[in-house]
Chemist: 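Submitted below is the structure of interest, expressed as structure tokens.
Whatever order the structure lists them in is the order used to number ligands and atoms, beginning at 1.
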Amino acid sequence: MIPENIKKEYNELKKLIEKYNYHYYVLNNPLISDTDYDKLFNKLVNLEKKYPELRTPDSPSYRVGGKVLDEFRTVQHTTPMLSLDNTYNEEEIIEFTNRVSKLLNIDNVEYTCELKIDGISISLRYEKGLLVQAITRGDGLFGDDVTENVKTIRSIPLRLKDEIDIEVRGEIFMPKKEFLKINELREEEGLPVFANPRNSTAGTIKLLDTSVVSKRHLDSFIYYILSPENYNLNTQYEALEFLKNLGFKINPHTKKVSSVEEIIDYWKYWIENKSKLEYDVDGMVVKVNSFEYQGLLGNTARSPRWAIAFKFPAEQAITKVKEIIFQVGSTGIITPVAIFEPVFLEGSTVQRASLHNFEYIKERDIRINDYVKIEKAGGIIPQVVNVIVEKRNGDEIPVKEPEKCPVCGGEVGKLNPSEVAIRCLNPLCKAKLKRNLEVWVSRDAMNIQGLGPKLIDRIVEAKLIEKVSDLYSLDHFKLATLGHGVGPKMISKILQQIEDSKKRGLDKVLYGLGIPNVGKKIAKDLAKKFKSINNLMNAEYDDLISIEGIGNDIAQQIYDFFKNDRVREIIEDLKKSGVKLENEDMTSEGIFNGMSICATGELERMPRSKLKELIEKNGGVFKDTVTKKLDLLVVGKNAGSKLEKAKKFGIPIMTEEEFFNKYKL
Ligand code: IVH
């Protein structure tokens, strides 16, 4: 029997968490800090661990996944999921509106203009307000039951604001930023990259491990209700409002219009402005607003007569591949890069595109001197769509996989057969060292200013350094040998920066070492758990996977990394140079553990730099800007825009006095 008070606490907690979740993910207006949210969330999870019977299907704990499925069930849609006819130009859209007017025998039909989100469509069924089933479009008649995965999408309500039965449809998508991040990681891991956010959404929703889906941060817009007459809805516009009130995320850019000119204006406006959106759109959807008229117009076998997709022109360009070069990354991955004749595309001049790996080149048969069609994935990253084979004239030169590292001439190969990437296997490769140094000196790692890529290049080429830890044995004399442009003043500054970097702390060191797949967050978690590099080096595989967010593969990579003799040698050197490799600040005594804090306005107690030091010494992170993720803003006199922003985001705010009184620093 679960005590009544526990039940009550659990239910309140559940409601509270979903409320915060809704404000964050649907309204884009967070009410509390991430740390406070995590605290509540952990409380809920602990209660569920202790009393498993408490967990209901709408528990926010489903948001993080956990289940690993065997397969997806194929299920029939209650009503087929139709698709839309496409139009591409103004004449065709005029034809569409004329057709509609003629069939209805009305001149000024009202339409909604919506953005056509480039994701994958989903059908969601709710019973008594609870999400019971989510099905992909499939072939329109049968789709896959992906309910468990959909439950991890934070903007999709698990429980509606009203206890009704309803089936709704909409689009799930991956925000551009998330797509770019995932591809960056995949490239580093030697995995094939996704061509665009749509493909990565489709790939993600079909993953069997729900916790991986949860981490991919999919999002949603819902735009369709089945049998709207059941809810007394008369128009699409009303239906969207109704969806919004139920707790769904609806797209804010929908517009009601009553002429074809306005439709065309909307289309033109978004062609110009779509790149500013955080998600990909490939056109607009024009829908007859009235459900009565929609009913009169009806459907063809494939698509409704009351709606049409008005696609945006694909932004592509054609250019010539002048050269294909090979770049070597910090983990030794050799990436072929196409160098183009410069061409203008979506607001910038494009001169190069990663070809990712040699499989990619083979599949598309890309050769030097080929003309290729290019586009920007996620609106940002240029990539080759295909080769224009008709333009070949016999001058095209195929590229071969390098048999040696293009930088050091070392042996190349794959770390394991599942990788598509080939790597330079020489641990002393200069290219790897340069990339390693670039990460080591970066802001999020040891934050050594003044050592940019150009200088790193010169230092490595001059053989002043052979491994990252050699940075700490640089001196005036060695740096002076670089000559041109590197004078005594600059040298003193750099040496001081290097000296200062010794006390950054374990999490920064771990990030800087470039352990495969260890980003800022995991570096912090590792530092928090193991507290010293010795503990981490001696950790067992099981200790590593016990950390949340570290799965089998990453645990193995971390384990292997620290077993490597060369890595151990570097760590030994770092120790000898006095680089701090333990983190007493990260133990439970750190009063700001895990908190990110920003200060604004004129501070009276101490300069900002001193405050920064103090916060960092006590386990916190000092931030220069206010973002939604910030945990606290300290305000001095005459604070301005940062204060406003923090208020808008609902971030806790303290005056300087309150801050020092509370934390007794
Ligand atoms: S309405 C009965 N509205 O475009 C037709 N579709 O080929 C229901 N899409 O399969 C579709 N944004 O995946 C509609 N605002 C929007 C949309 C949208 C994206 C997708 C949807 C559909 C495809 C049409």
Chemist: Going by distance alone, is a donor N or O of one side chain under 3.5 Å from an acceptor N or O of the other, for E114 and Q236?
Modeler: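 Yes, side-chain donor-acceptor contact under 3.5 Å.
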
Chemist: Using distance alone, with no hydrogens and no angle criterion, decide if S259 and E262 have a side-chain donor and acceptor under 3.5 Å apart.
Modeler: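 A pair is found: one side chain offers a donor N or O, the other an acceptor, under 3.5 Å apart.
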
Chemist: Please, which pairs that meet salt bridge (Lys or Arg N to Asp or Glu O under 4.0 Å) have at least one residue in residues 68-91, sequence neighbours excluded?
Modeler: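 Only R73-D145, D85-R302, E90-K268 qualify under salt bridge (Lys or Arg N to Asp or Glu O under 4.0 Å).
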
Chemist: Using a threshold of 4.0 angstrom between heavy atoms of the protein and any atom of ligand 1, which residues qualify?
Modeler: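 The 4.0 Å shell around ligand 1 contains S83, L84, E114, L115, K116, I117, S121, E171, Y223, V285, K287, P304.
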
Chemist: Using 30° and 60° as the class limits, which term best fits the ring planes of H356 and Y360: parallel, tilted or perpendicular?
Modeler: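 Aromatic pair H356/Y360 classed perpendicular.
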
Chemist: Side-chain polar contacts of residues 220-231 - donor-acceptor pairs under 3.5 angstrom, sequence neighbours left out - could you list them?
Modeler:
residue : atom : partner : partner atom : Å
S220    : OG   : S155    : OG           : 2.8
Y223    : OH   : E171    : OE1          : 2.8
Y231    : OH   : D165    : O            : 2.6

Chemist: Once side-chain contact (heavy atoms from CB on, under 4.5 Å) is applied, do any residues pair with P175, and if so which ones, sequence neighbours excluded?
Modeler: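 Here the qualifying residues are F173, E178, D219.
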
